[in-house]
Chemist: 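Starting off with a structure, shown below.
Residue numbering restarts at 1 for every chain, and letters A, B, ... go by the order of the sequence lines.
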2 protein chains.
Amino acid sequence: MDIAARLLAENGPQALSTRRIAAEADSSTMTVYTHFGGMSGLVREMVREGFARLQERLTSVRATSDPVADMALLGRAYRFNALANPHLYAVMFGGSSLAGFSLSEEDRQHGRYTLGNVAECAERCLASGRFRPGDAILVAHQMWMAVHGLVTLELGGYLIPPYDADACVEEQLVGLMVSAGDAWEAATESVARSRERIDEI
Amino acid sequence: MDIAARLLAENGPQALSTRRIAAEADSSTMTVYTHFGGMSGLVREMVREGFARLQERLTSVRATSDPVADMALLGRAYRFNALANPHLYAVMFGGSSLAGFSLSEEDRQHGRYTLGNVAECAERCLASGRFRPGDAILVAHQMWMAVHGLVTLELGGYLIPPYDADACVEEQLVGLMVSAGDAWEAATESVARSRERIDEI
DNA sequence: ATTATTGCATAACAGCGATATGTATTAACC
DNA sequence: GGTTAATACATATCGCTGTTATGCAATAAT
C-alpha cells in the first residue's frame with residue numbers, strides 16, 4: 001500500500017501497475033493478487049485510503065463557538081487535502097474510468113460516512129440559529145457539492161486564471177453560508193475568522 | 001468519431017481501444033493514427049465533442065424577462081447533458097486519469113469558452129438588480145462549480161438515497177441564486193418557473 | 001513427523017497502444 | 001495521358017498491461 005500510494009502520488013495513475021509495484025517491492029506481480037485480489041482490489045483500497053486521509057484532515061478541525069467559521073474551515077480542509085493528494089483524489093472520484101473498476105455500494109457508504117463531520121458541524125450551525133431551519137444532512141451535502149465542484153475544476157485547470165481558486169474559494173464559502181441562511185456580514189466575518197485558523201489543518 | 005462516441009456511450013471508457021474501433025469500422029488499428037495521431041488525439045477530439053454537445057444544450061435555453069429563471073434552466077440543462085452522456089462527461093473532466101492523456105491549454109480554453117452562455121446570463125441577472133453587484137464571470141464560475149459538483153457526486157453515486165439529486169437540485173439552485181444576492185422568495189419562484197420550461201432543453 | 005496451507009516466483013496468455021514497413025490507391029503535375 | 005508524389009491503409013511486430021496456471025519453498029496444523 002505504501003509503495004502504491006507513493007507511485008500514484010509521484011508518477012501519476014499510469015504508474016499504478018502490477019509490474020512497477022512488484023519491481024519497487026523487489027517481488028513479483030503475484031503479490032498484488034495474493035494481498036488485494038487483483039488491480040481493482042488495490043484501487044479499491046487506495047480509495048479507502050484516500051477517504052481515510054480526507055477524514056483525518058477534516059477531523060483536525062475543532063469545534064468552536066463559531067460553527068460557521070468551523071464549517072468554512074472544513075471547506076478549506078477539504079480543498080487542502082485534495083490539493084495535497086491530487087492523483088489520489090482523482091482516483092477517488094474519477095476512478096470509474098480506470099481499467100474495469102467500479103465502486104461497490106460499500107465503498108460509497110464509506111465515502112458518505114466521511115460527510116459525518118460536515119453534517120455534525122451543519123447541525124451546530126442550524127442550532128445556533130444562523131442557518132435557516134432545515135435538514136443538516138442536506139446542508140452538508142450542499143457544502144460538499146460546492147467545494148467538491150470547486151476543487152474538481154481547479155485540479156482540472158478549468159478556472160480562468162485571474163479568477164483562480166485561491167481568489168475564488170473565500171467568495172464561494174461566503175456564498176455557501178449565505179445560501180444556507182446566514183447573514184452576509186456575519187458569513188464574511190466567519191470566513192475571515194476561519195482564514196486565521198488555517199494552521200489547525 | 002461516431003463509432004468511438006457510440007462505443008464510449010454503450011460500453012464505457014475501456015471500450016475506447018484502437019482494436020475495437022478498428023473492428024467496428026472493418027479496418028485496422030492504423031486508422032486511429034492516420035486520422036487522430038493516436039489514442040490521445042482521439043480522446044482529445046472526444047472531449048471537444050463533449051463540450052460541443054454541452055454548448056448546444058446550453059444554447060437551447062432562450063433568454064426571457066426572468067434572467068434568474070434562465071440561469072436555473074441553464075443549471076438544469078448542464079445536468080441533463082451530463083446525465084445523457086455520463087461516460088463522455090467523465091472523460092471530459094476525469095480523463096486525465098486515462099492512459100497518458102492530459103488536456104492542452106487550448107482544450108481548457110475551449111472548455112472555458114462554454115461558460116460564455118452562463119456568463120452572459122449572469123450579466124443579465126446582475127443588470128436586473130436581482131443579483132448583488134459583482135463580476136459576471138465570477139458568478140458564472142460559482143454556478144458552474146456548484147452544478148458541476150452536484151453532477152459529479154450524482155454520477156459517482158455519492159448522494160445519500162433519500163437526498164438524491166432530483167430532490168437536491170432545486171434547493172441547490174435556489175441556494176445558488178440566494179448566494180448571488182437574490183431574495184429567497186424570488187429565487188424560489190424563478191426556480192419553479194424554470195421547472196416548467198424543461199421542455200426547452 | 002507428517003500433512004495441509006499459505007506466499008510467492010516463473011512462465012505464459014490475451015489484450016493494449018504504438019511503430020516500422022510495404023502496398024495499393026489517389027492526387028498532382030508536366 | 002503518363003509520370004510522379006503523396007496519402008490511406010494492412011500486416012507484422014515491439015513493449016507494455018492485467019491475469020492465470022503451475023510449481024516450489026516455507027510455514028502452520030495435526
Chemist: Scan for salt bridge (charged side-chain N to carboxylate O under 4.0 Å, His left out) pairs involving residues 135-161 of chain B, sequence neighbours excluded, and state none if there are none.
Modeler: B:Arg79-B:Glu154

Chemist: Listed by chain and number, what are the side chain to side chain contact (heavy atoms under 4.5 Å, CB included) partners of A:Ser65, not counting sequence neighbours?
Modeler: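 So A:Ser65 forms no side chain to side chain contact (heavy atoms under 4.5 Å, CB included) with any residue.
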
Chemist: Run the salt bridge (Lys or Arg N to Asp or Glu O under 4.0 Å) test against B:Glu49 and tell me which residues pass, sequence neighbours left out.
Modeler: B:Arg53

Chemist: Kindly write out the residues that satisfy salt bridge (Lys or Arg N to Asp or Glu O under 4.0 Å) with B:Asp70, not counting sequence neighbours, or none if the list is empty.
Modeler: B:Arg124, B:Arg197

Chemist: With sequence neighbours left out, which residue pairs that include part of residues 10-39 of chain B fulfil the salt bridge (charged side-chain N to carboxylate O under 4.0 Å, His left out) condition?
Modeler: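 Sorted result for residues 10-39 of chain B: B:Arg6-B:Glu10, B:Arg6-B:Glu24.
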
Chemist: Applying side chain to side chain contact (heavy atoms under 4.5 Å, CB included), can you list everything that pairs with B:Glu170, at least two apart in sequence or on another chain?
Modeler: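 For B:Glu170, the residues satisfying side chain to side chain contact (heavy atoms under 4.5 Å, CB included) (neighbours in sequence not counted) are B:Arg76, B:Val191, B:Arg195.
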
Chemist: Using a cut-off of strictly less than 4.0 Å between a heavy atom of the residue and any atom of DNA chain D, enumerate the qualifying residues of residues 23-37 of chain A by number.
Modeler: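 Residues of residues 23-37 of chain A that come under 4.0 Å of DNA chain D are, in numerical order, A:Thr29, A:Met30, A:Tyr33.
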
Chemist: Over how many whole Å does the gap from B:Ile21 atom CD1 to C:dC16 atom C1' extend?
Modeler: 12 Å

Chemist: Rounded to whole angstroms, how far apart are CD on A:Gln14 and P on D:dT17?
Modeler: 10 Å

Chemist: Does B:Arg19 contact C:dG15 through a side-chain donor or acceptor facing the base, at a distance under 3.5 Å?
Modeler: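 No such pair is found, so the answer is no.
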
Chemist: Output all residues satisfying side-chain hydrogen bond (donor to acceptor under 3.5 Å, both in side chains) with A:Arg132, sequence neighbours left out; order by chain, then residue number.
Modeler: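 side-chain hydrogen bond (donor to acceptor under 3.5 Å, both in side chains) check on A:Arg132 returns nothing, list empty.
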
Chemist: Round to the nearest Å and state the distance from A:Leu42 atom CG to D:dT17 atom P.
Modeler: 14 Å

Chemist: What is the distance, rounded to the nearest whole Å, between atom CG of A:Asn11 and atom P of D:dT17?
Modeler: 12 Å

Chemist: Any protein N or O atoms within reach of nucleotides 23-28 of chain C? Criterion: under 3.5 Å, listing atom names and distances.
Modeler:
none

Chemist: Is B:Leu74 close to B:Tyr78 at the side-chain level, that is, under 4.5 Å between some pair of heavy atoms?
Modeler: no

